[in-house]
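Each remark here refers to the structure printed beneath this line.
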Amino acid sequence: MARQTGIIKLKGTLDDISFYKSSDGHLARTKGGIDGKRIANDPVFQRTRENGSEFGRAGKAGKLIRNAFRVVMQNAKDKRVVSRLTKDLVAITKTDVVNLRGERTVQDGNLDSLLGFEFNLNGKLASTLFAPYNVVLDRVSGSGDVTLAPFSPIVRIAAPVGTTHFSLMMGAAEIDFVNETFVFETDATGILPYTAPDTAAIALNATLTASSVLPILEVVGIAFYQEVNGDMYPLKNGAFNALSVALVDKL
C-alpha cells in the first residue's frame with residue numbers, strides 16, 4: 001500500500017487503484033487478488049479455507065468479548081484493540097487439540113493466553129497500578145472478587161499529569177462462545193482523591209451465574225479524572241485509562 005500526500009486526499013476507486021482512509025492515514029492500493037469462487041472450491045486452497053474459517057471464528061469471539069466488557073472498556077481502549085484481540089484469539093484457536101484443522105475453536109483452545117491482555121496500550125494497567133490486588137472466583141456461588149489493602153495513591157499509582165482523582169473498577173463475564181451470549185457484572189470504587197492519604201481497604205464484587213460451566217473472564221481497570229470547579233472530567237477523554245484481563249477460568 002502507498003500513503004497519500006498533498007492537500008487533497010482521495011476516497012474511492014480510480015481505474016485499478018483504491019483510495020481510502022485508515023487509522024494509519026490516507027492510503028492507496030491496487031485492486032487484485034484471486035477470484036473468490038476459486039478460493040471457495042479449488043482443492044489447492046483447502047488450507048486457505050481452513051484458515052479463513054478459524055479466523056472468522058476468532059473474529060466473532062473477539063466481538064463477543066468486547067461486547068461483554070463494553071461498559072468498562074468504552075473509555076479504556078486503543079485504536080487497535082480489535083485487531084490485537086483477534087490476533088491473540090487466532091493464536092488461541094491454534095492451540096485447540098480437540099477439533100480438526102479448520103474446525104478449531106477459541107473455547108477449546110488455551111484461553112489462559114488472554115491473561116494480562118491490555119485493552120489500552122496507551123495506558124497499561126501493568127505500568128499504572130502498582131498496588132497489589134487479589135482476584136478470586138468462586139464458581140459455586142458465581143462470585144468474582146477483587147480486593148486491595150489500603151495504599152497511598154500517589155505512591156502506588158502512576159497517574160498522568162493533571163490527575164486529581166481516580167476510580168478503580170472490575171468486571172466479570174461468563175462467555176458462551178457457541179451461542180454467542182454472555183452474562184456480565186461490574187463494580188467500581190467511585191471517584192477517589194489522588195492526593196489523599198491511604199485509601200481504605202477496597203473490595204469489589206461481581207456475581208455471575210452460580211455453578212456456571214462457561215469460560216469466565218475478570219478484568220481490572222483504573223480511570224483518571226480532573227476536578228474543575230467542583231465537577232469531575234475524564235482526564236483527556238480517558239486516553240490513559242487502563243483495563244486488563246486479570247483472571248481467566250475455564251472448566
Side-chain angles (χ1 to χ4, degrees), residues 65 68-77 112 114-175 182-212 214-228 230-236 238-250:
I65 291 173
F69 290 107
R70 178 179 176 82
V71 172
V72 289
M73 71 168 283
Q74 59 184 348
N75 292 319
K77 61 183 179 180
D112 288 342
L114 278 181
L115 189 63
F117 179 84
E118 298 278 1
F119 288 86
N120 183 13
L121 292 183
N122 298 315
K124 298 180 182 179
L125 188 69
S127 56
T128 300
L129 178 63
F130 297 97
Y133 56 88
N134 191 35
V135 185
V136 177
L137 172 68
D138 183 341
R139 272 194 176 268
V140 176
S141 66
S143 180
D145 296 278
V146 175
T147 56
L148 297 90
F151 66 92
S152 170
I154 59 174
V155 172
R156 296 288 189 172
I157 297 176
V161 175
T163 295
T164 62
H165 292 73
F166 71 97
S167 174
L168 293 174
M169 68 202 72
M170 65 88 65
E174 55 181 286
I175 301 177
F182 61 85
V183 176
F184 169 78
E185 294 293 339
T186 186
D187 195 11
T189 60
I191 298 177
L192 305 174
Y194 177 61
T195 57
D198 286 4
T199 67
I202 294 173
L204 304 177
N205 172 266
T207 301
L208 304 175
T209 306
S211 299
S212 172
L214 297 172
I216 293 177
L217 304 180
E218 286 189 45
V219 298
V220 174
I222 186 169
F224 297 103
Y225 300 88
Q226 186 175 72
E227 182 179 10
V228 179
D231 291 325
M232 297 294 175
Y233 296 88
L235 189 65
K236 294 188 177 179
F240 300 105
N241 292 349
L243 186 71
S244 178
V245 177
L247 179 142
V248 178
D249 192 271
K250 174 185 169 184

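Residue indices begin at 1 and follow the sequence shown. The structure displayed is predicted, hence computed values, not measured ones.
Side-chain atoms of E174 never come within 3.5 Å of backbone atoms of L208 as a donor-acceptor pair (strictly under, hydrogens ignored). Under the 3.5 Å distance criterion, the side-chain polar atoms of T186 are matched with a main-chain donor or acceptor of M170. Under the 3.5 Å distance criterion, the side-chain polar atoms of E118 are matched with a main-chain donor or acceptor of L125. Side chain of N205 to main chain of G144: a donor-acceptor pair is present (N/O by atom type, distance under 3.5 Å, no hydrogens or angles).
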Output a table of donor-acceptor pairs, distance under 3.5 Å, between side-chain atoms of residues 215-223 and any protein atom two or more places apart or on a different chain; print 'none' if there are none.
none

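By the 30° and 60° cut-offs, the orientation of the rings of F166 relative to F151 is tilted.
Between the CD atom of E227 and the NE2 atom of H165 there is a distance of 4.5 Å, given to the nearest 0.5 Å. Taken to the nearest 0.5 Å, the CD1 atom of I191 stands 13.0 Å off from the CZ atom of F224. In this structure, D249 CG and L214 CG are separated by 11.5 Å, a value rounded to the nearest 0.5 Å. Distance check: F117 CZ to S244 OG gives 9.0 Å after rounding to the nearest 0.5 Å. Taking NZ from K250 and CD1 from I175, the interatomic distance works out to 12.5 Å, rounded to the nearest 0.5 Å. In this structure, M73 CE and N241 CG are separated by 12.0 Å, a value rounded to the nearest 0.5 Å.
For A173 against F184, the heavy-atom pair with the smallest separation is CB-CD1, 4.1 Å. Residues S212 and R139 approach most closely at O-NH1, 2.6 Å, considering heavy atoms. Closest non-hydrogen pair, A210 versus V140, comes out as CB-O, 3.2 Å. Residues R156 and P132 come closest through the heavy atom pair NH1-CD, 4.3 Å. Of all non-hydrogen atoms in Y225 and S167, the two that sit nearest each other are CE1-CB, 3.9 Å. In terms of heavy atoms, P153 sits closest to P197 at CD-O, 3.7 Å.
Between P160 and L235 there is a side-chain heavy-atom pair separated by less than 4.5 Å. The closest side-chain heavy-atom distance from L243 to N120 is not below 4.5 Å. No side-chain heavy atom of T163 sits less than 4.5 Å from a side-chain heavy atom of I157. Looking only at side-chain heavy atoms (C-beta outward), L168 and L129 come within less than 4.5 Å of each other. Proximity of T207 to S141: side-chain heavy atoms (C-beta onward) are nowhere separated by under 4.5 Å.
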**Request:** Go through the steps to decide whether L204 and Y133 satisfy the test side chain to side chain contact (heavy atoms under 4.5 Å, CB included), and finish with yes or no.
**Result:** CA-CA 11 Å; L204 304 177; Y133 56 88; over 6 Å; no
**Message:** Walk me through whether D145 and S143 qualify under side-chain hydrogen bond (donor to acceptor under 3.5 Å, both in side chains).
**Reply:** CA-CA 6 Å; D145 296 278; S143 180; 2.9 Å; yes
